[in-house]
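Given the structure is predicted, the values throughout are model-derived calculations rather than measurements. These numbers come from the heavy atoms of this one structure, side chains and all, not from hydrogens, waters or symmetry mates.
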Amino acid sequence: MITPQLSTAMPSRRTVVRQALLTGAAALAGSHLTGCSPSSPQPGTSAPSRSAPTTGSSGSRVLLVYFSRPGENYFYGRRTDLKAGNTEVLARKISSRITCDTYRIQAADAYPHDYDETVRRNVREQDTDARPAISGRLPVLDGYGTILLGSPIWNVRAPMIMTTFTEAFDWRRKTVHPVTTYAMSGLGTTERDYAASCPGATIAEGLAVRGEQVEGADSDIEAWLQRAGIPRA
């Protein structure tokens, strides 16, 4: 997670999706959408196909979408090197408990391994209201009624690449649950930001887990799934 130590100015939402950013790498990579259940708790791996959507305008299936950054990371005021980012660990724990499909957002321009370099890049992206490009094809949301949007909290809000994703879709008649890992800011501004960038969606109860405690978050995840009414596997 990126600690909220730098600029906290909140950028205005852009109303036009930057299609060139979304599609620039699409020809080079396949979908990152995979199935998840107790028998396959490995979100984040690429898959060449996805299951067909159910009929209906919004559907009843669940999609877990997440962005996670490995590398040098904040850890109780110091630094640690993560092979898997905290949000990826949380996504795996959630996906092992529910029936869902999973899509991992990957940046076309990968974020640096170095923590301070990532902090600086994130501040630039927030200050310029950037829409970082996503690598690969985006998922099709038809058939999904519930979308879990997972990310770290960087400088009080989700990374700007999450807005690149959300602005690409029609969110009407869908339910969105923010899911975050954080150092200090909990859900940050995700509820407000997703309400703006996912017009027509119902923004439902989110889950925020401190990054240093994600490995031991099982009871918090279980309680949240029950409260939120997310179907169990």
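Using a 4.0 Å cut-off between charged side-chain N and carboxylate O, R131 and D129 make a salt bridge. A salt bridge is absent between R121 and E117: the closest approach of a Lys/Arg side-chain nitrogen to an acidic carboxylate oxygen does not fall below 4.0 angstrom. D220 and K93 are not joined by a salt bridge, as no carboxylate oxygen comes within less than 4.0 angstrom of a charged side-chain nitrogen.
Considering only heavy atoms from C-beta on, F165 comes within 4.5 Å of L138 through its side chain. With contacts defined as side-chain heavy-atom distances shorter than 4.5 Å, the pair T118/W154 qualifies. Within the 4.5 Å cutoff, the side chain of L149 has no heavy atoms near those of the P178 side chain.
Among all heavy-atom pairs drawn from S95 and T102, the shortest one is CB-OG1, 4.4 Å. The heavy-atom pair separating A201 from V176 by the smallest distance is CB-CG2, 3.9 Å. When all heavy atoms of S135 and Y103 are compared, the pair lying nearest together is O-OH, 4.2 Å. Across all their heavy atoms, L141 and K174 have their closest contact at O-NZ, 3.1 Å. Closest of all the heavy-atom pairs between S197 and T163 is CB-CG2, 4.4 Å. Across R69 and Y111, no two heavy atoms sit closer than the pair CD-CB, 4.1 Å.
Ring geometry, W171 versus F169: the interplanar angle exceeds 60°, so the pair is classed perpendicular (tilted spans 30 to 60°).
In the hydrophobic cluster analysis, where Ile, Leu, Val, Met, Phe, Trp and Tyr join through side-chain heavy atoms closer than 4.5 angstrom, F75 is grouped apart from V89. I153 and L187 are assigned to two separate hydrophobic clusters, defined by single-linkage of ILVMFWY side chains at heavy-atom distances under 4.5 Å.
Atom-to-atom distance recorded for I221:CD1 and R97:CZ is 5.0 Å, nearest 0.5 angstrom. Atom CZ of residue R79 and atom OH of residue Y74 lie 9.0 Å apart, to the nearest 0.5 angstrom. Of the inter-residue distances, the one linking I147 atom CD1 with T175 atom OG1 reads 9.0 Å to the nearest 0.5 angstrom. Once rounded to the nearest 0.5 Å, the distance linking OG1 of T189 with OH of Y194 reads 8.5 Å. With values rounded to the nearest 0.5 angstrom, E212 atom CD is found 10.0 Å from T80 atom OG1. Atom-to-atom distance recorded for T181:OG1 and N73:CG is 8.0 Å, nearest 0.5 angstrom.
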Inset, instruction - Would you please test I105 and T164 for side chain to side chain contact (heavy atoms under 4.5 Å, CB included) and show each step? - result: CA-CA 10 Å; I105 296 172; T164 305; over 6 Å; no
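The closest donor-acceptor contact from the side chain of T180 to the backbone of G186 lies under 3.5 Å. In this structure, W224 contributes its side chain and E205 its backbone to a donor-acceptor pair below 3.5 Å. Under the 3.5 Å distance criterion, the side-chain polar atoms of R210 are matched with a main-chain donor or acceptor of A183.
Around the CZ atom of R232, the shell of radius 6.0 Å holds more than 12 heavy atoms that belong to other residues, nucleotides or ligands.
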